[in-house]
Q: 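Please read through the structure below; I'll follow up with questions.
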Amino acid sequence: MVLPITAFYASLLGICYLYLSFLVIGARRRHQVGIGDGGHEDLIRLSRAHGNFSEYVPITLIMIACFEANTGQVWAVHALGSALLFGRVLHAYGLGRHSGVSWQRFAGMILTFLAMLCAAVGNLVLIHFGM
């Protein structure tokens with residue numbers, strides 16, 4: 001089974017994850033913090049952006065892969081992957097730059113939740129009503 005659309009978005013998200021990892025590593029080196037955040041506001045925000053990314057992306061990518069495997073609707077798979085990608089980038093940017101609420105964090109979570117919900121519902125509909 002080949003899942004080229006999911007592979008495309010997984011690869012882009014993997015690059016984003018590496019970028020977030022390097023930002024955290026850079027902040028740790030700058031502040032000389034090996035474990036935890038040392039109370040440094042920028043390291044706290046960057047660590048949460050990295051952690052939040054790793055909490056939402058895997059399950060959503062799995063659901064998108066299942067959806068792609070079960071349907072030939074290329075546009076829908078791209079819509080799910082794009083929503084997840086842009087949602088995660090927006091959220092990470094907002095969290096990395098603002099300590100409080102920001103429109104980027106809000107929009108990023110909305111896009112992420114939409115991708116999750118649509119993929120979950122899409123998969124359940126495909127399973128129930130046949131493929």
Q: Just jot down the salt bridge (Lys or Arg N to Asp or Glu O under 4.0 Å) partners of R48, sequence neighbours excluded, or say none.
A: E55

Q: Please identify each residue that fulfils side-chain hydrogen bond (donor to acceptor under 3.5 Å, both in side chains) with H40, with sequence neighbours left out.
A: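 Checked H40 against side-chain hydrogen bond (donor to acceptor under 3.5 Å, both in side chains); matches are H31.
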
Q: Please identify each residue that fulfils side-chain hydrogen bond (donor to acceptor under 3.5 Å, both in side chains) with T112, with sequence neighbours left out.
A: R88

Q: Members other than I44 in its cluster, when Ile, Leu, Val, Met, Phe, Trp, Tyr link by side-chain heavy atoms under 4.5 Å?
A: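 Same cluster as I44: nobody, lone residue.
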
Q: Can L114 be reached from Y56 by stepping across I, L, V, M, F, W or Y side chains whose heavy atoms are under 4.5 Å apart?
A: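 Y56 and L114: separate clusters.
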
Q: Looking at S54 and P58, what are the two nearest heavy atoms and their distance?
A: O-CD, 3.2 Å

Q: Check A27 against L46 and note the closest heavy-atom contact, atom names and distance.
A: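 That would be CB-CD1, 3.9 Å.
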
Q: Ignoring hydrogens, what is the shortest heavy-atom contact between L80 and C118? Give both atom names and the distance.
A: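 Minimum heavy-atom separation between L80 and C118: CD2-CB, 3.6 Å.
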
Q: Please enumerate all residues that pass salt bridge (Lys or Arg N to Asp or Glu O under 4.0 Å) together with R45, with sequence neighbours excluded.
A: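 Salt bridge (Lys or Arg N to Asp or Glu O under 4.0 Å) check on R45 returns E41.
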
Q: As a test of understanding, state which of L95, V89, L13 forms a side chain to side chain contact (heavy atoms under 4.5 Å, CB included) with F53.
A: L13

Q: Honestly curious: do M116 and L90 fall in one hydrophobic cluster under the side-chain, below-4.5 Å linking rule?
A: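 No, M116 does not connect to L90 through the hydrophobic network.
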
Q: Same cluster or not: are L117 and V125 linked, directly or through other Ile, Leu, Val, Met, Phe, Trp or Tyr residues, by side-chain heavy atoms under 4.5 angstrom apart?
A: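 L117 clusters together with V125.
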
Q: First locate atom OG1 of T60, then atom CZ of F113, and finally report the distance between them rounded to the nearest 0.5 Å.
A: 9.5 Å

Q: Got a sec, which residues hit side-chain hydrogen bond (donor to acceptor under 3.5 Å, both in side chains) with T6, two or more places apart in sequence or on another chain?
A: E68

Q: Run the ring pair (Phe, Tyr, Trp, His ring centres under 6.0 Å) test against H78 and tell me which residues pass, sequence neighbours left out.
A: Y9

Q: With sequence neighbours excluded, give me every side-chain hydrogen bond (donor to acceptor under 3.5 Å, both in side chains) pair touching residues 113-126.
A: none

Q: Report whether L12 and V57 are members of the same hydrophobic cluster (ILVMFWY, side-chain heavy atoms less than 4.5 Å apart, transitive linking).
A: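 L12 clusters together with V57.
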
Q: Quick one: list whatever passes ring pair (Phe, Tyr, Trp, His ring centres under 6.0 Å) with F86, sequence neighbours left out.
A: none

Q: Return the NE2 to CG distance between H50 and L43, rounded to the nearest 0.5 Å.
A: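 Reported value, rounded in 0.5 Å steps: 11.5 Å.
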
Q: Going by side-chain contact (heavy atoms from CB on, under 4.5 Å), name the residues that satisfy it together with F22, two or more places apart in sequence or in a different chain.
A: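 Listed in chain order: L18, I25.
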
Q: Give a yes or no on whether F129 and V121 share a hydrophobic cluster (residues Ile, Leu, Val, Met, Phe, Trp, Tyr; joining criterion: side-chain heavy atoms under 4.5 Å apart).
A: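 Cluster IDs for F129 and V121 match.
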
Q: Can you list, pair by pair, the side-chain donor-acceptor contacts under 3.5 Å of residues 103-111, counting residues two or more places apart and other chains?
A:
unit_1 : atom_1 : unit_2 : atom_2 : d
Q104   : OE1    : S102   : OG     : 3.3
R105   : NH1    : G100   : O      : 3.1

Q: Return the CZ to OG distance between F8 and S82, rounded to the nearest 0.5 Å.
A: 8.0 Å

Q: Hey, could you give me the SG/CG distance between C16 and L85, rounded to the nearest 0.5 Å?
A: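 Answer for the SG-CG pair, C16 versus L85, is 5.5 Å.
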
Q: Which value, rounded to the nearest 0.5 Å, describes the distance between I64 atom CD1 and L3 atom CG?
A: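 Separation between the atoms: 11.5 Å.
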
Q: Can you measure from CD (Q73) to CG (L126) and round to the nearest 0.5 angstrom?
A: 7.5 Å

Q: Determine which pairs satisfy salt bridge (charged side-chain N to carboxylate O under 4.0 Å, His left out) with at least one residue from residues 20-31, sequence neighbours left out, and list them in order.
A: R30-D42

